[in-house]
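This report concerns only the one structure given below.
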Number of protein chains: 2
Amino acid sequence: MTYHHGNLRKVLLDRAAAVIAEQGIEALSLRALARDIGVSHAAPARHFRDKADLLRALATEGNHRLLDYVLAAADAAGTDPLVRYNALGQAYVRFSLEFPAYYRTITHPEVAAHADTDLRQSRQRWHEIVADAAREAQAAGWLPDEDVEDIVIYSTATVRGVAAMLADPTQSSMPKRQDLDSFIERMVRLIIDPEAPQKSLPGNKAPKRNPERKRK
Amino acid sequence: MTYHHGNLRKVLLDRAAAVIAEQGIEALSLRALARDIGVSHAAPARHFRDKADLLRALATEGNHRLLDYVLAAADAAGTDPLVRYNALGQAYVRFSLEFPAYYRTITHPEVAAHADTDLRQSRQRWHEIVADAAREAQAAGWLPDEDVEDIVIYSTATVRGVAAMLADPTQSSMPKRQDLDSFIERMVRLIIDPEAPQKSLPGNKAPKRNPERKRK
DNA sequence: GCAGAATGTTGTCAATGACAACTTTGGAGG
DNA sequence: CCTCCAAAGTTGTCATTGACAACATTCTGC
């Protein structure tokens, strides 16, 4: 058994993520973590100044993973701007379900409050990604009169809210596991519907139309 | 000075709300609370089984206040179903800004996870209120083909998300104090626009239309 | 190899939540 | 009016935790 652990930092982060996924951020204890790993109670301090520092590292890594995840999904969705924007939103919600530990740290108020430069930049990049996608969607006819900033914040808020409600065990009338995909698809389609490139502008005094499409 | 405090329960709740509003839920300490009020460190235990119990009480009270708040706002908005639905959403966001302590406890994951019957019922009532309002809005021509449940969850998610982002100091490009009203109005109008009773259905293959209305 | 930086360890402290045992108070019923 | 008991408050204690200091070991660049 080596005195030096070798990769304690990574092990700490991984184990912390597991604990958070299972029992939530509140349940995370540096000492319990060290105990689990089989290292002295002060060892984590060599890698993280304090508890907040560990959470910040987790949030930063999570943010990068999130960006990779949603960009991959958007690219996989093709080149249609509306489809791409839609895929971005769906991927965001899916990430929150697939990597709850990262997502929780990312959105944890305390973590956000003490965000460092790296974390802030990562968040800023999300903002830019969505803004670019929104501009392309606008060029394709979606909400052409709305402020891009407004659209970005509105879209982000909605997917954040959906993710929050999916994580909330109190919430009644939430979809079962097997209906998750359909549910997410419907929620994000209420933001932007790829099948309706000519989606009307809220505020437009649009003429009558024929509601011919039905929910399947 | 009486041995009995008389209204310690209420004082604890009020002081806790103040602390949470100033420094967040994490900063709340039962002992510090007792110290502040001038009572022994074990006194709070007579009124709240543990810390979670105090937060639950705060969340329950906050939920009732929230419902009163949004219902009053909706009633003040008049009888037009679309205007009413819109007012509901705006009031929700406003509540989160006016009573951050209550709102934080209401949406705190740990609190939600250990919600009691009373709290669950209160949340259920929100759901019903929004569902009723959504049905009336549908009758007025808004999103007639969407599932009411979907609309309710979508709307709730969005206002929750907007509230969360307004509370997030990391978030860049957030409105300044004096622009808050306009910002909230715009966000909620993206959910439902009272000035566009004929708002198209996402998914409708609507014909061309004339984008004549401009953002002021 | 060797000096110093990295990394880990033991020891300690104050703060906290929770609990137990005891005290004071106030009120309901005789 | 008095008595008794439950409600409300107090002191004392314990285990856990995060943080820090002082010390030990290992790794690395030179």
Side-chain angles (χ1 to χ4, degrees), chain A residues 1-20 22-59 101 104-105 108-116, chain B residues 1-20 22-59 101 104-105 108-116:
Chain A
M1 192 58 180
T2 57
Y3 188 87
H4 271 39
H5 190 284
N7 56 345
L8 182 54
R9 187 190 152 92
K10 174 167 170 41
V11 175
L12 280 169
L13 286 174
D14 289 348
R15 187 85 200 98
V19 170
I20 292 173
E22 289 164 17
Q23 317 178 43
I25 290 185
E26 321 285 327
L28 188 68
S29 149
L30 290 180
R31 289 178 101 109
L33 212 54
R35 230 174 298 144
D36 267 13
I37 295 174
V39 96
S40 79
H41 66 258
R46 292 290 159 204
H47 299 273
F48 304 101
R49 183 189 313 278
D50 54 16
K51 200 175 172 180
D53 193 36
L54 191 158
L55 288 175
R56 201 179 312 131
L58 222 39
R104 282 179 201 171
T105 56
H108 195 272
E110 290 301 305
V111 175
H114 303 101
D116 57 5
Chain B
M1 192 56 178
T2 58
Y3 187 88
H4 273 38
H5 190 285
N7 56 343
L8 180 55
R9 187 189 153 93
K10 176 167 170 39
V11 174
L12 280 169
L13 286 174
D14 288 349
R15 187 84 200 99
V19 170
I20 292 173
E22 289 163 18
Q23 316 179 46
I25 289 184
E26 322 285 326
L28 188 68
S29 148
L30 290 179
R31 288 177 100 109
L33 212 55
R35 229 174 298 142
D36 267 13
I37 296 174
V39 96
S40 79
H41 66 259
R46 293 287 158 204
H47 299 274
F48 305 101
R49 182 187 314 275
D50 54 17
K51 200 175 172 178
D53 193 35
L54 190 158
L55 288 176
R56 200 178 314 132
L58 223 40
R104 283 179 200 170
T105 57
H108 195 273
E110 291 301 305
V111 175
H114 303 102
D116 56 4

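Protein chains get the first letters and strands the later ones, always in sequence-line order, with residue 1 at the start of each. Keep in mind that this is a model prediction, so the values were computed, not measured.
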| Checking side-chain contact (heavy atoms from CB on, under 4.5 Å) against B:Leu58, which of B:Asp14, B:Leu28, B:Thr105, B:Leu12 comes through? |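 That would be B:Thr105.
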
Whole angstrom value for the distance that separates [atom2] of [N] from [atom1] of [X]:
X	N	atom1	atom2	value
A:His47	C:dA5	NE2	C1'	14 Å
B:Asp53	C:dC19	CG	P	12 Å
B:Phe48	D:dA8	CZ	P	12 Å
B:Ile37	D:dT10	CD1	P	11 Å
B:Arg49	C:dA20	CZ	P	13 Å
B:Leu33	C:dT16	CG	C1'	13 Å
A:Glu26	C:dG17	CD	P	13 Å

Taking every non-hydrogen atom, the tightest pair across [X] and [Y]:
X	Y	value
A:Leu8	A:Ala43	CD2-CB, 3.9 Å
B:Ser40	B:Ala34	O-CB, 3.4 Å
A:Ala57	A:Leu13	CB-CD2, 4.1 Å

| message | Pick the closest DNA chain D nucleotide for A:Leu30 and for A:Arg46 by heavy atoms, then say which residue is nearer the 5' end. | response |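 Per heavy-atom nearest nucleotide, the more 5' residue is A:Leu30.
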
| Whichever of B:Arg31 and B:Leu8 has its nearest DNA chain D nucleotide further upstream toward 5' |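 In this pair, the answer is B:Leu8.
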
Would you mind classifying the nucleic acid contact of [X] as base, sugar-phosphate or nothing, using non-hydrogen atoms under 4.0 angstrom?
X	answer
A:His41	base
A:Leu54	nothing
A:Leu28	sugar-phosphate

| field | Nearest listed nucleotide, side chain of A:Ala32, among C:dA18, D:dT17, D:dT10 | value |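 Closest nucleotide to the A:Ala32 side chain: D:dT17.
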
| message | Looking at B:His47, I want to see if its NE2 is surrounded by more than 12 non-hydrogen atoms of other residues, nucleotides or ligands under 6.0 Å. | response |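 Check passes, neighbour count above 12.
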
| request: Give a yes/no answer on whether the side chain of B:Arg35 brings an N or O atom under 4.0 Å of OP1 or OP2 in C:dT16. | output: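 It does, given that an N or O in the side chain of B:Arg35 lies less than 4.0 Å from OP1 or OP2 of C:dT16.
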
| field | side-chain N/O A:Ser29 vs D:dG18 OP1/OP2, d < 4.0 Å | value |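 Looking at the OP1 and OP2 atoms of D:dG18, one of them is under 4.0 Å from a side-chain N or O of A:Ser29.
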
